[in-house]
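Before any comments, here is the structure.
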Amino acid sequence: MDQLRAIRYFNKVVETGSFTKAANVFNVPPSSLSRRVADLEKSLGATLLKRSTRIVKLTEVGQIYYNDMQQILNQLEQSNETVRSYQTTPMGRLRISSMVGFGEKILLPLLDEFSQLYPEIILDVSLSDELSTLGRDDVDIAIRGGYAPNERVLAIRLMDNGFIPVASPRYLEKYGVPMNAMELQHHKGLYFKAPLGPTPWLCNMNGQWHDVSGPAVAISNNGPWLAKKACNGEGILMSTRWALASYLESGKLQELTFEHELTITQSAEMAVYLLYQKHRYLVPKVKAAVDFLVQKIKVTNES
C-alpha cells in the first residue's frame, strides 16, 4: 500500500505540476509527499521528475512510468467500482463514445429515454468519428461503424452499416439516371470523409474491383451537410441507410440501384458495433446501458 500511495502522489504531482498542489489534494504536508516520491524513485533506481524552484517536469523515463501507472490506476479504479457497485442500483457517471452521425440520429434520442429509466446515472457522452480504445480513453461503452475490432473487448453487432447511393429527383432530371455502376464515373460526387479519408465508390464486377467514383464536388465528415447538398441536386451521395432514412421516406432523395452493388470497401460487410470490456458488464450502470441499447437498436432492426 505504501508503494501504491507513492504512485498516487507521483501521478498527482505530474497532473498538477506542483508538489504543494498535489499535497493539498491529499491533505498531507508537502514535505511528506515529496519524501514518498523520492523513496519511490530510490526504489526504482531512476529519476522520474526534474525539480526546480518554479516547475516540476517529467524525465524521459518518468514519462514512460507515468503513462504505465496512469493505465494501472484507471484499471484499479474500475475494479474498485465493480466491487463497490456489484448488485446495487445503477448509478454514477457513464462514459459513452459514439460516431457523430449515429449519435445524433439514433443514440442521443434513446439516451433521453434511458435517463428517465435510470435517473441516478450521469451520462457523459462524446461524439467523434475518431477511433477510441476503451481502456486507454477511459470509456465504458463505444459505438463504432466498421468491422468487429481485434482489441480485447466484447463487440455486439447492432445493425447493418452498409452504404447506398442516393440522389435527388432534381439531380436525376437534370443529369439523367445512371444505368450502370460504371456510368457513375461521369457524375458529380458528394463524399463522406472517414478517419482514413474520403470513402470511394467501389463495385465488384465478375470478380474484379472497380473504382467508379465520380468527380468530387464536396467532401466532408458532416453527413447532414452532404445530405442537404444532395437534396439540392448538387451530386450523388453514398451514405448509410440509417442516416438517409428520413430523406428516403420524404422523397427528397431516392436510392439508385444497379446490377452490381456499390460499397465503400473491398472487405466484408460492415456493421455498427457496441463495444465494452467484459469485466465492466458487472457494473450495474454499464449492464443497464448495454442491455437497453441492444434491446432498442438491435432487436428493433432485426424485427
Side-chain angles (χ1 to χ4, degrees), residues 1-85 91-100 103 108 111 120-144 149 151-153 195-196 221 275-277 279-280 282-283 285-286 289:
M1 293 301 292
D2 285 343
Q3 185 181 22
L4 178 59
R5 183 179 296 111
I7 291 171
R8 292 186 187 279
Y9 286 172
F10 163 71
N11 276 37
K12 189 58 65 175
V13 170
V14 176
E15 292 171 5
T16 61
S18 164
F19 280 91
T20 301
K21 292 179 180 179
N24 289 337
V25 171
F26 292 104
N27 196 28
V28 298
S31 58
S32 175
L33 183 142
S34 179
R35 186 166 54 252
R36 285 192 177 272
V37 173
D39 289 342
L40 175 64
E41 291 178 309
K42 184 177 180 180
S43 69
L44 294 171
T47 301
L48 303 176
L49 297 168
K50 296 178 183 177
R51 300 161 173 83
S52 72
T53 55
R54 289 189 174 184
I55 57 175
V56 178
K57 286 187 176 182
L58 284 166
T59 62
E60 183 176 355
V61 70
Q63 182 68 63
I64 296 173
Y65 189 74
Y66 171 75
N67 292 340
D68 289 344
M69 292 304 101
Q70 190 68 18
Q71 292 186 34
I72 291 173
L73 290 177
N74 285 339
Q75 184 63 58
L76 178 62
E77 178 56 33
Q78 289 184 1
S79 298
N80 289 343
E81 183 183 3
T82 297
V83 174
R84 286 195 300 264
S85 62
M91 63 177 63
R93 186 159 66 107
L94 179 68
R95 294 151 297 199
I96 302 177
S97 173
S98 171
M99 48 187 178
V100 178
L108 294 182
L111 290 181
E120 294 186 60
I121 292 179
I122 302 168
L123 293 174
D124 183 345
V125 184
S126 300
L127 301 184
S128 171
D129 289 321
E130 297 298 321
L131 299 179
S132 65
T133 301
L134 294 181
R136 183 194 66 203
D137 296 340
D138 201 21
V139 172
D140 296 305
I141 295 172
I143 298 179
R144 287 290 176 266
E151 60 177 310
R152 286 178 285 183
V153 299
L196 297 180
N221 64 349
L275 313 174
Y276 64 94
Q277 293 176 308
H279 70 277
R280 296 292 288 160
L282 296 174
V283 180
K285 65 180 181 181
V286 176

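Start at 1 with the first residue, then count along the sequence.
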Measure the shortest side-chain to side-chain distance between V13 and V56 over non-hydrogen atoms and say whether it is less than 4.5 angstrom.
yes
So CG of L33 and CZ of F26: to nearest 0.5 Å the spacing works out to 7.0 Å
If we only count heavy atoms from C-beta on, is the V283 to Y276 side-chain gap below 4.5 Å?
no
Where is the tightest heavy-atom contact between L127 and M99, given as atom of each residue plus distance?
CD2-O, 4.3 Å
CD of E15 to NZ of K21: how many Å apart, nearest 0.5 Å?
12.5 Å
Are the side chains of L76 and R8 in touch, meaning some heavy atoms are under 4.5 Å apart?
yes
Which pair of heavy atoms, one from A289 and one from L94, lies closest together, and at what distance?
CB-CD2, 3.5 Å
Check: Y65 and L58 side chains under 4.5 Å, non-hydrogen atoms:
no
Which atom names give the shortest non-hydrogen contact between M91 and K285, and what distance separates them?
O-CD, 3.4 Å
Would you say the side-chain atoms of R144 and S97 include a donor-acceptor pair closer than 3.5 Å?
yes
Taking only residues two or more places apart in sequence, or in another chain, which ones meet N67 in a side chain to side chain donor-acceptor pair (under 3.5 Å)?
Q63
Heavy atoms, side chains only, cut-off 4.5 Å: are I7 and I72 in contact?
no
Between the side chain of T16 and the main-chain N/O of K12, is any donor-acceptor distance below 3.5 Å?
yes
Give the minimum heavy-atom separation between A23 and P29, together with the two atoms involved.
CB-C, 4.1 Å
Spacing of L49 atom CG and F19 atom CZ [to the nearest 0.5 Å]
5.0 Å
pair S43-L40: side-chain heavy atoms closer than 4.5 Å:
yes
Return the minimal non-hydrogen interatomic distance between R95 and V139, and the atom names on each side.
O-CG1, 3.6 Å
If you take all heavy atoms of V61 and A46, which pair is closest and at what distance?
CG1-CB, 4.3 Å
Non-hydrogen side-chain atoms of I96 and D140 separated by less than 4.5 Å
no
Once you round to the nearest 0.5 Å, how far does CZ of R35 lie from OH of Y9?
10.5 Å
Do K42 and D39 sit within salt-bridge range, that is, some charged N less than 4.0 Å from a carboxylate O?
no
Evaluation steps, side-chain contact (heavy atoms from CB on, under 4.5 Å), between I141 and R280:
CA-CA 9 Å; I141 295 172; R280 296 292 288 160; over 6 Å; no
List for me each residue that meets side chain to side chain donor-acceptor pair (under 3.5 Å) alongside R51, sequence neighbours excluded, and say none if there are none.
E41
